[in-house]
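For reference, the structure discussed in these notes is given below.
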Amino acid sequence: MPTKVENWKDEVYGNEIRDHLMTFAEEGWDAIPEDEHDAWFERFKWWGLYHQRSGQESYFMMRIGTPNGVIEPGQLDVIAEVADKYARGPVDNPEFGDAYCDWTTRQSIQLHWIKIEDIPEIFDMLESVGLSTQQACGDSWRNIVGCPVAGKDTHEHIDAWPVAEDLHDTFKGDDDYANLPRKWKVSVTGCDQGCGQGDINDLAFEPAEKDGELGFNVRVGGGLARKEPRFARDIDVWVPTDRVDDMSAGMSALFREYGDREDRFNARIKFLMDEWGPEKMRSVLQEEFVDFELPSAGEDMRDQYTYNAGDNEHGDHVGVYEQPDGNYYVGLNVLVGRMGVDDVYELADLADEYGSGEVRLTQRQNIIVTDVDSDRLDAFLDEPLLEDYSPDPHPFMRGSIACTGTEFCSLSIVETKNRQVRYARWLTDNVSLPEGVEDFHIHLSGCTASCAQPQIADISLRGMKTRKDGEPVEAFDIGLGGGLGENPLFADWVEMRVAADEVPGYIDNLLDAFEAKRDGDETFRDFVADRDEATLQDLADPEETSYDDPYLGNTKMTWYPYAEDTDMQSSPAPTDADDQPLPSDD
Amino acid sequence: MTTDVHQLDDGAWISVNDSREVNVSDLWLLAKSDFCDCAPTDFLAEGFVETGIDPPNIQAKIAGRCITCGTEGVTNWLTVGRVIEPESGEFYGVVQDSVHIPEK
Ligand code: HEM
Ligand code: SF4
Ligand SMILES: [Zn+2]
């Protein structure tokens, strides 16, 4: 039997949701029939709106999909303006203030506290510069990710940006692919660094050569969520650039037809891949969904991949790099991907002044200013904004990623971004990395959905609970030794249910053990791979330190973790367009 | 009206008549559960896997973990609340940290 969500999607889904959204916006929150809330909020996702968690009713998270993370000249300023005007909540965040933008791990933009009444104006503003929230959430083509510096990179073999852009233009809004069984994540890599993170996407194009021609090998079925992480598998197909669209159409049609619509927990294509294996995936694709002969895989470049490959090369685009045209791109570190709105305005101005006005988002929640004039590079690097968003950050700052967590997300178990900011600062001030370790990734996710991609980090933190002196406290499961590269690895879960205030002490102890026991200049990833689970468990213990955690209690029980009065009953939500509480009828 | 119950957002919460009533991240004390050997099981709810109605009880199977011994899995049917008058549809949640006995 199809799920309720499938039934709602059968009634209304895809582009047509927009008209309803606009009607509700005009009439206000109260116009959404109470007994249709669930159905409409499920549908709104397709237009990038995700209802915030319990206690924050009538407020939405809004995602803007920027393919390949490319924010074109003129767009960043509008994004700042939208955040400034519409993404202000009833209470400030103590680290980030009252309006901010999140740069996400899939090269998108996430704003919070959005009111439905403001949607028409927001869409007008975004669309005036070619931005959209279409399909940013929901069951269809999500934002297309890729090498963030495509077209500007000396490592490049194929410029992935026009390929990603073409996929975006072709499949966004196409009714044939609008209603899939679940999300559909596509990645295009064109360089030999592997920074498109294809391995953790549903459909991945990776550079490969066949008979002297450059094109893409295809992998299918990656994804991290729900304790069921999978790397995408090689289906032994190579396509030239001009076949990427046909190949993508075929693959997403296969998913549309064969994906499980009866069990959302089993719907992602990774589960179909589990069932079928790559050979059957390829043969069904060939026989039923494409009308050209699929060439077998070409020679890939995976042995050259440096991005998150565990070998101390950064490959993350933070820093100053020369472009093939003699200009520079400067990758700036944004701690946990969140930037206050004044800083976003300032960055938009700087990108205009020193570069072409273009900026790009990475899959490590950072932002790159491209096309910086070589004569003005030094002046740009002296700009005060770059003290906070450094092109040369400390490894603990550079390596930190965190998801949305209990601040807004209904699935979350623990507080995430503000805590990771505090972790990164404490580690930077108190812990020294062993000799030669320049790259060290700590990814923190508030639950098993794994939006911060914890399994592909040196240290993975996944939200949990434990008890301390009998009282429930926020905690983490800790995994070690994950990463991408030629032979990607998921972290091994080593320490379970560590109270959140003992995590920094654990990391400190672990790094001491690593320094003492490593073999010469052995990398952390090799060090972990060489040891069995019991040995890893014996390496270090959690410990309280001078680190202070203000979010140890149950932040999910609050209506907003940083409010003065956090009690659920004190929530102003649901509110009207002016943030005034609406009378409740129960 | 008939009582409408389902889980949404990948099992993040249970909706009863289009109202968010039960959320993940709470600790539930489970007695006689054979979920693990602990008595009681100190159970962290991480996701609602299935929902059901056994009037007046609203029930769910919950994925999660005993935070004492670390056992992971899915519970048997647990009563998460009641809708006593289907006409009004009003939901009365149970107190999570009092003791709950899952159905066999
Ligand atoms: C239905 C439950 C959800 C699942 C299973 C899920 C899973 C994931 C996964 C696995 C990723 C990234 C890794 C990859 O590329 O595969 C991701 C991205 C992300 N998720 Fe979630 N997520 C869920 C709900 C949410 C919610 C409710 C929020 C916040 C309100 C959220 C915020 C994010 C963010 C910020 C990203 C990076 C975003 C992007 O641009 O798409 N997620 N999610
Ligand atoms: S990992 Fe979990 S807590 Fe974090 S944003 Fe994703 S769904 Fe929410
Ligand atoms: Zn137990």
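All chains are named by letter (A, B, ...) in the order of the sequence lines, taking the proteins before the strands, and each is independently numbered beginning at 1. These figures come from a predicted structure and were not determined experimentally.
For A:M464, the parts sitting under 4.5 Å from any heavy atom of chain B are the backbone and the side chain alike. In this structure, chain A has a heavy atom under 4.5 Å from the backbone of B:A45, while its side chain stays farther away. Contact annotation for A:K465: both backbone and side-chain heavy atoms come within less than 4.5 Å of a heavy atom of chain B. Only the side chain of B:Q7 comes within less than 4.5 Å of a heavy atom of chain A; its backbone N, CA, C and O stay farther away. Proximity to chain A is limited to the backbone of B:T68, based on heavy atoms less than 4.5 angstrom apart. For B:F43, no part sits under 4.5 Å from any heavy atom of chain A, backbone or side chain. Within the 4.5 angstrom heavy-atom criterion, only side-chain atoms of A:V5, from C-beta onward, approach chain B. With a 4.5 angstrom heavy-atom cutoff, A:T448 touches chain B only via side-chain atoms. With a threshold of 4.5 angstrom between heavy atoms, A:D477 approaches chain B through side-chain atoms but not through N, CA, C or O.
Without hydrogens or angle criteria, A:R226 side chain to B:D10 main chain gives a donor-acceptor distance under 3.5 Å.
Residue A:S412 comes nearest to B:V24 through the heavy atom pair O-CG2, 4.2 Å, listed as atom of the first residue, atom of the second, then distance.
Rounding to the nearest 0.5 Å gives a distance of 8.0 Å between CD of A:E57 and OG of B:S19. A:H37 NE2 to B:L8 CG: the interatomic distance, rounded to the nearest 0.5 Å, is 13.0 Å. Taking CZ from B:R20 and OG from A:S410, the interatomic distance works out to 6.5 Å, rounded to the nearest 0.5 Å. Interatomic distance, CD of A:E34 versus CG of B:D18, reported as 8.5 Å (0.5 Å rounding). B:D4 contributes atom CG, which lies 7.5 Å from atom CG of A:D38 (distance to the nearest 0.5 angstrom).
Salt bridge status for B:D9 with A:K45: present, with a side-chain N to carboxylate O gap under 4.0 Å. With salt bridges taken as basic N to acidic carboxylate O contacts below 4.0 Å, one links A:R467 and B:D42. Look at A:K556 and B:D26 and you find no salt bridge, because none of the NZ, NE, NH1 or NH2 atoms lies under 4.0 Å from a carboxylate O.
By the neighbour-count criterion of 12 heavy atoms within 6.0 Å, atom CE of A:M496 is densely surrounded, having more than that number from other residues, nucleotides or ligands. The neighbour count for B:D37 CG, taken as heavy atoms of other residues, nucleotides or ligands under 6.0 Å away, does not exceed 12.
A:I413 is listed as a side-chain neighbour of B:L44, based on a closest heavy-atom distance under 4.5 Å.
Of the listed residues (B:E72, B:H6, B:E46), the one with the most heavy-atom contacts under 4.5 Å to chain A is B:H6. Ranked by heavy-atom pairs under 4.5 Å with chain A, the first of B:G64, B:G47, B:A63, B:G70 is B:G70.
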